[in-house]
Amino acid sequence: MAGSWFISPGRLRELGVLGLNQRNGRFMLPNNPRRLYQRVDDKITTKELASAAGITVPETYALVRETGAIRSIHDRLGECADFVVKPSRGSGGKGIIVISEREGEEYIKPSGARVTRSEMEWHLTNILGGLFSLGGHRDSAIVEYRVKPVEIFSRMAQHGMPDIRVVLFHGYPVMAMLRLATRASDGRANLHQGAVGVGICVRSGRALHAVCRGNVVSLHPDTRFPLHEIEIPDWPELLNLAARCYDVTGLGYIGADMMVDRTHGPMLIEINARPGLSIQVANGRGLRHRLEAVAEQARHRESPETSLKRVEFSRKAFADQ
C-alpha cells in the first residue's frame, strides 16, 4: 500500500542511517585518494579501464571532442537509430539523452518526445561547453550502445532502461537498489527526476522495499507492475562485476551502476566516487552498520580477497528478509 513514511532521529541512528557529513568524513574521503578520481569522473577513462580488465561495458559508437565534429555526427551514426548520448564528465544523470528510434530528420526518445537534428547538435554543443560537467569544465560527448532490457525489465518499466546501483566499500557490495524510469523521469533512471527506487537484497537479488518521490509504493506508477515480484537476473554475476570495480579504480567507497542486457548480460554503465544516500531510502535501512562490518572484515583479513570472496562475504552478511 502506497504512502509516506517518517522515522524519528533516534530510530534513524539505531538503523544506522548515514548522513552526508558522516559519509564524507568516515568513509568516502579517507578511502578515495583524490589522484584516482579521474578514473571514474571521466566516463571514457572508466570504459577503457573496465574493458581492459574484462568488464563488459556498452559499445562506443562515436566520441565527439571538438565542436567541428558535431555536424558530422548524423552521418557517422549512419542507420543507427538506437543509442545513448552522454557527457563524459557529467553527474547525476544530467545531459543524458536516450534515443530509441529515428524517423526522418528526427530522433525519438522512449517517452515519445522528439529531438530534431538541430536540437541534437545544440545539445552536443552544450556538452562540449561543459554545461553538464563536474566543475563546468570543457567536456566530450559519448554516443554508445543502448542496453536492451531483459523481458522482466521491459514489462516493469516501458519508458527507459532500469539500472542497478551497487554501493561498495573496499570492494564488498554493501547495499543495492534498482532504479526504474517513469514517464515523469523522461526515460532516465534518476530518483530525483521521478524514477522509482527499489531496494534489493544483496544475497538474493530480490525486491525488499520501494519508493517514488519520497513515498512508499508497491506498484510502478505507469505500468502498475507489482514491485515485490522483482528478482534481478544474473545477480551473482552482476555483483561480481560490481565488486571488480574496486580492483579497477583503487577507490574504496564507490557506487557501481549496472544494467542487464538481453544479449550481453550484466554490463557496467559507470562508476561514481560520490554515490548519494538515497539508496538507504529505497532499502528502508541504513548503510553505517554494513560499512562498519566491512571495515572490520577488511581490518582482519590476512591477505587481499578476490572479488568472488568479497561477494560471498557480502551475500552472507547482508541477507535481508
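Remark: the backbone N or O of N283 is paired with a side-chain donor or acceptor of R285 at under 3.5 angstrom. Between the S88 side chain and the S140 main chain, no donor and acceptor come within less than 3.5 Å of each other. Side-chain N or O atoms of R23 include none that pairs as donor or acceptor with a backbone N or O of M28 at under 3.5 Å. A donor-acceptor contact shorter than 3.5 Å links the side chain of D222 to the backbone of R183. The backbone N or O of A273 sits less than 3.5 Å from a side-chain atom of N32, completing a donor-acceptor pair. With hydrogens and angles ignored, the 3.5 Å screen pairs a side-chain donor or acceptor of R310 with a backbone N or O of G171. Side-chain atoms of E119 come within 3.5 Å of backbone atoms of T116 as a donor-acceptor pair (strictly under, hydrogens ignored). Remark: the backbone N or O of V174 is paired with a side-chain donor or acceptor of R290 at under 3.5 angstrom. Judged by distance alone, the side chain of S72 and the main-chain N or O of A69 form a donor-acceptor pair under 3.5 Å. Judged by distance alone, the side chain of N31 and the main-chain N or O of F27 form a donor-acceptor pair under 3.5 Å.
The side-chain hydrogen bond (donor to acceptor under 3.5 Å, both in side chains) analysis of residues 260-272, with sequence neighbours excluded, yields the pairs Y145-D261.
Side-chain contact annotation: K47 with T60, donor-acceptor N/O pair under 3.5 Å present. Side-chain contact annotation: R213 with Q193, donor-acceptor N/O pair under 3.5 Å absent.
Under the 4.0 Å criterion applied to side-chain N and carboxylate O atoms, R179 and D163 are assigned as salt-bridge partners. Salt bridge status for E103 with R114: present, with a side-chain N to carboxylate O gap under 4.0 Å.
Checked against the 6.0 Å centroid threshold, F83 and Y107 count as a close aromatic pair. Taking the centre of each ring, H289 and F318 stay at or above the 6.0 Å mark.
I73 and I97 fall within the same hydrophobic cluster, where Ile, Leu, Val, Met, Phe, Trp and Tyr residues are linked whenever their side-chain heavy atoms come under 4.5 Å apart, directly or through other members. Follow the hydrophobic side-chain contacts under 4.5 Å out from V166 and you reach L49 in the same cluster. A continuous path of ILVMFWY side-chain contacts below 4.5 Å connects V217 to L180, so both sit in one hydrophobic cluster. Put simply, V85 and L134 are part of two different groups of oily side chains (I, L, V, M, F, W, Y) that touch within less than 4.5 Å, one to the next. Residue I108 is not grouped with residue V84 when hydrophobic side chains (ILVMFWY) are merged at heavy-atom distances under 4.5 angstrom, including chains of intermediate members.
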side-chain hydrogen bond (donor to acceptor under 3.5 Å, both in side chains), that's the test. Do R288 and Q280 meet it? Break it down for me. CA-CA 10 Å; R288 181 169 54 82; Q280 299 177 113; over 6 Å; no
Evaluate the criterion side-chain contact (heavy atoms from CB on, under 4.5 Å) for residue pair H74 and R102; output intermediate values, then yes/no. CA-CA 11 Å; H74 311 286; R102 199 167 169 179; 4.0 Å; yes
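Of the inter-residue distances, the one linking R315 atom CZ with C201 atom SG reads 8.5 Å to the nearest 0.5 angstrom.
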